Structures are given as C-alpha cells and as structure tokens.
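Please read these numbers as outputs of a predicted model, since none were measured by experiment. All chains are named by letter (A, B, ...) in the order of the sequence lines, taking the proteins before the strands, and each is independently numbered beginning at 1.
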Amino acid sequence: MDDLHRRITGWFAETARDLPWRDPDCSAWGVLVSEIMLQQTPVVRVLPVWEQWLERWPAPADLATEPAGEAVRSWGRLGYPRRALRLHAAATAIVQDHGGRVPDTYAELLALPGVGSYTAAAVAAFAYGRRETVVDTNIRRVHARLVTGTALPAPALTAAEMRLAASLLPDDGAASVRWNAAVMELGAMVCTARSPKCAACPVKDSCAWLAAGEPPPSYIPKGQAWHGTDRQVRGAVMAVLRQADTPVPPEMFHQAPADLGFAPEGVGVPLAALHRLNSAPEQLERALAGLLNDGLAEIHDGGYRLPA
DNA sequence: TATACGTGGCA
DNA sequence: TTGCCAAGTAT
C-alpha cells in the first residue's frame, strides 16, 4: 500500500494543476467557496467566477453584509444557484456563530448550509490540514477500478466505500492531505469516467479493473432529463432575474415583450430564450412557485426579483 | 433510498 | 445531434 501512496502522490507532485485554491496562502474561505462552486461543476468554469468572488468578498463577513440576491447574481451561469444562496447563508452563520472565521472541524463545517459530508471533509483537510476521509466522485471511481475492479462505483455512496477509503488513508496528517488531493486529481485527469487514460496512469500495473480485462459497468447510469423539464424553465427564469434591475411583472414570463410594449432593462435576450421554450402556463407557474419556495426569488412591487 | 436541482463542453 | 457527465446536498 505504501507503494501505491508513493506512486500516486509522486505523480501528483509532478503533474498537479496549479489551481488558486491549492495555493498555500489561499484562505479557508477561499477553499470553502471553491468546494461549493466545484460541486457538480467543472474546474474551468469555476475559475473565473471564484476569482471574482474572492476579490469582491475576501472574507465571510464581506459577503454576509450583502443581500443574498447579490450572491445569486454573482453566481452567474455556474448552475445550481441554490448553492449561492447557501454560501451566503453559510457566510452569515460563520459571522454569527464563529466570529467570522471558517470553522476548522468536520462537525462544525457539516453544520453550515450547503456543506455536506464531502465538503466538510474537504475543507477540514485542504484548508486546515486535518486528516479526513475525503470521498468524492473522483476518489470513488479510482477506488472502484484500482481496488475493487469495477468500471464505476455504485450509484450511491456505500458504507463499504467509506471503510475502504478510510483504510487507504495514510496515518500521517500531512501525508493524508496529499493523498486525498492526489487521488482526486488522478480521478479527474487520468482515471476519468469516459475513456480513462490508462497509459498515463502511475498505478496501471496495480489496477484490479485493468487486470480483470476492463469489464464494463454492471449498470447503466441514469441520465439527467433536461429538455422540457421544470429545471429548464427554472434556469431560464433565473437568467431573466439575474439580468433584471427592477422587479419583473408576472406577465413578462407569460407573454412576449413585444406584446407588452416594454421590459425591464437588459432582460430582452434571456426573456426571449424563456419564451422560445414555449412551456405550458402551469409549468411556468410551477417554476416560479418553486423559485419563491426555494428563496431564489421574491415578489416586490408586484414583480419577481432576486432576494434582497 | 430516490429524486430534484443548472449549465455547457465534448464525443 | 443527442446524451453523458462535472470536487454533491437536501429532502
């Protein structure tokens, strides 16, 4: 096992991407923001938004003094905008309950809005150097192939996977942090979901999946529906709200701007995109009600806007 | 445990 | 062009 550690962390030391949240000088807040943004979102898309966020809000207290809607607007097109809402709520909780400093224990991190088991472990490890069992989709896939010999991990994280990850974690604190980062990087850059680059893998001669002749997955991953879904409509509505400087009247969502003769400044393009979806009135209502319910929108002066 | 939740690049 | 999939969380 030490050999596995040496080869993977050695590979990481040589080839790791130079990401700003990996800078030793990066604050815990910077690490937390990066982890939330990276949930289900590729690095290349996070990079520019993370830079803007950290410049505008260098500490939790800076974000906490702003309306939640500003966090959502600045989220841009990263996707899953509820993450922005929760990050804002987390900043508020950090100010109120932790004196403005990002907490450094797994339990305290886990209690923050938008922080689950992965993110709590990741921030404790990468921001504070703690020895934590970090398990994300990359690490799960590497373990599945390298150790278990299957093409993909199970659809949901299992207790057996957590035990395996814990058993692989180096005893030494600093070594455990490097190991977590290295396995994650291996999964992201080499041991990828589709067409893994096994020729470039530092542990290909120890891989159970390769040794077994690369057996195919035992199940077909369930695709995420998109066209015609409520999610698509919600996304289109959010694009309008992000652009609007003033509350958007409900009629705007149901009728083309041309029919109304006016529209809030700058919402023409996203509004046209929403109308092109040609969604049923009840679906639009469902999307708007859902956004209100989630706190991503509110009604002010008879129109919809981001939360103030 | 299963489902809802955005977005855009790539094969 | 269609579908896959990316450092998950909350319910």
Check: protein-nucleotides 2-5 of chain B nitrogen or oxygen pairs below 3.5 Å:
residue, atom, partner, partner atom, Å
B:dC5, N3, A:Tyr80, OH, 3.4

Task: Residue pair A:Arg22 / A:Ser34, side-chain donor-acceptor N/O under 3.5 Å - done: no
Open item on the list: Tell me whether A:Asn180 contacts the main-chain N or O of A:Glu132 through its side chain, where contact means a donor paired with an acceptor under 3.5 Å.
Closed with: yes
Open item on the list: What is the distance, to the nearest angstrom, from the CE atom on A:Met37 to the C1' atom on C:dT9?
Closed with: 17 Å
- [ ] Provide, to the nearest angstrom, the distance between the CG atom belonging to A:Leu78 and the P atom belonging to C:dC5.
- [x] 21 Å
TODO: Could you say whether A:Leu157 or A:Trp226 is positioned toward the 5' end of DNA chain B, judged by the nucleotide with the nearest heavy atom to each?
DONE: A:Leu157
TODO: Strictly below 4.0 Å, heavy-atom distances to any atom of DNA chain C: list the hits from residues 134-144 of chain A, or just say none.
DONE: A:Asp136, A:Thr137, A:Asn138, A:Arg141
TODO: Establish, from distance only, whether the side-chain atoms of A:Gln39 and A:Tyr118 form a donor-acceptor pair under 3.5 Å.
DONE: no
Task: C:dA7 and B:dA4, which share atom name P, separated by this distance in whole Å - done: 23 Å
Task: Whole-Å C1' distance, C:dC4 and B:dG6 - done: 15 Å
- [ ] Mind checking A:Trp21 for me? I need base, sugar-phosphate or nothing, with any heavy atom below 4.0 Å counting as a touch.
- [x] base
- [ ] Name the nucleic acid region contacted by A:Arg242, choosing base, sugar-phosphate or nothing; use a 4.0 angstrom heavy-atom cut-off, strictly under.
- [x] sugar-phosphate
Open item on the list: Please determine whether side-chain hydrogen bond (donor to acceptor under 3.5 Å, both in side chains) holds for the pair A:Tyr80 and A:Arg86, giving the CA-CA distance in whole Å, both sets of side-chain angles, and the decisive distance to 0.1 Å.
Closed with: CA-CA 11 Å; A:Tyr80 292 151; A:Arg86 291 179 179 144; over 6 Å; no
- [ ] Would you kindly say whether A:Glu66 and A:Trp57 are connected by a side-chain donor-acceptor distance under 3.5 Å?
- [x] yes
Task: Non-neighbouring partners of A:Glu285 that pass side-chain hydrogen bond (donor to acceptor under 3.5 Å, both in side chains), sequence neighbours left out - done: A:His254
Open item on the list: Donor-acceptor check, side chain of A:Asp62 to backbone of A:Ala59, threshold 3.5 angstrom: yes or no?
Closed with: yes
Task: Whole-angstrom distance between C:dG8 and B:dT1, as gauged at atom C1' - done: 16 Å
Open item on the list: I'd like to know if the side chain of A:His143 and the backbone of A:Glu161 have a donor-acceptor N/O pair within less than 3.5 Å.
Closed with: no
- [ ] Could you give me the CA-CA distance, side-chain angles and deciding distance for A:Arg83 and A:Thr41, then say whether side-chain hydrogen bond (donor to acceptor under 3.5 Å, both in side chains) is met?
- [x] CA-CA 11 Å; A:Arg83 290 181 293 168; A:Thr41 309; 3.0 Å; yes
TODO: Using whole Å, report how far CG of A:Leu38 lies from C1' of C:dG8.
DONE: 11 Å
- [ ] Round to the nearest Å and state the distance from A:Arg45 atom CZ to B:dC10 atom P.
- [x] 10 Å
TODO: Check the distance between B:dG6's C1' and A:Arg86's CZ and give it to me in whole angstrom.
DONE: 13 Å
Task: Whole-Å P distance, B:dG8 and C:dT9 - done: 23 Å
Task: Interatomic distance where CD belongs to A:Glu35 and C1' belongs to C:dT9 [whole Å] - done: 14 Å
- [ ] Pick base, sugar-phosphate or nothing for A:Leu291, based on heavy-atom distances below 4.0 Å to the nucleic acid.
- [x] nothing
- [ ] Please list all pairs passing the salt bridge (Lys or Arg N to Asp or Glu O under 4.0 Å) test where one or both residues lie in residues 295-308 of chain A, with sequence neighbours left out.
- [x] A:Glu298-A:Arg305
- [ ] Consider only side-chain N and O atoms of A:Gln232 and A:Thr229, and report whether a donor and an acceptor are under 3.5 Å apart.
- [x] no
Task: Atom pair distance, as rounded to whole Å: CZ in A:Arg17 and P in C:dA6 - done: 13 Å
- [ ] State whether the distance check finds a donor on one side and an acceptor on the other, under 3.5 Å, for side chain A:Ser117 versus base C:dG8.
- [x] no
Task: All side-chain hydrogen bond (donor to acceptor under 3.5 Å, both in side chains) counterparts of A:Asp294, not counting sequence neighbours - done: A:Arg82, A:Arg234
TODO: Classify the nucleic acid contact of A:Gly79 as base, sugar-phosphate or nothing, counting any heavy atom under 4.0 Å across all strands shown.
DONE: base
- [ ] Please determine if A:Glu70 and A:Arg56 form a salt bridge, counting it only when a charged side-chain N lies under 4.0 Å from a carboxylate O.
- [x] yes
Task: Nearest-angstrom distance, C1' atom, B:dT7 to C:dT11 - done: 23 Å
Task: A:Leu110 CG - C:dG8 P separation (whole Å) - done: 16 Å
TODO: Remember a base hit wins even if backbone is also touched, and classify A:Thr119 as base, sugar-phosphate or nothing at under 4.0 Å, heavy atoms.
DONE: sugar-phosphate
TODO: Scan residues 180-195 of chain A against DNA chain C and write down, sorted by residue number, each residue with any heavy atom closer than 4.0 Å; if none is found, say none.
DONE: A:Met184, A:Ala188, A:Ala193, A:Arg194
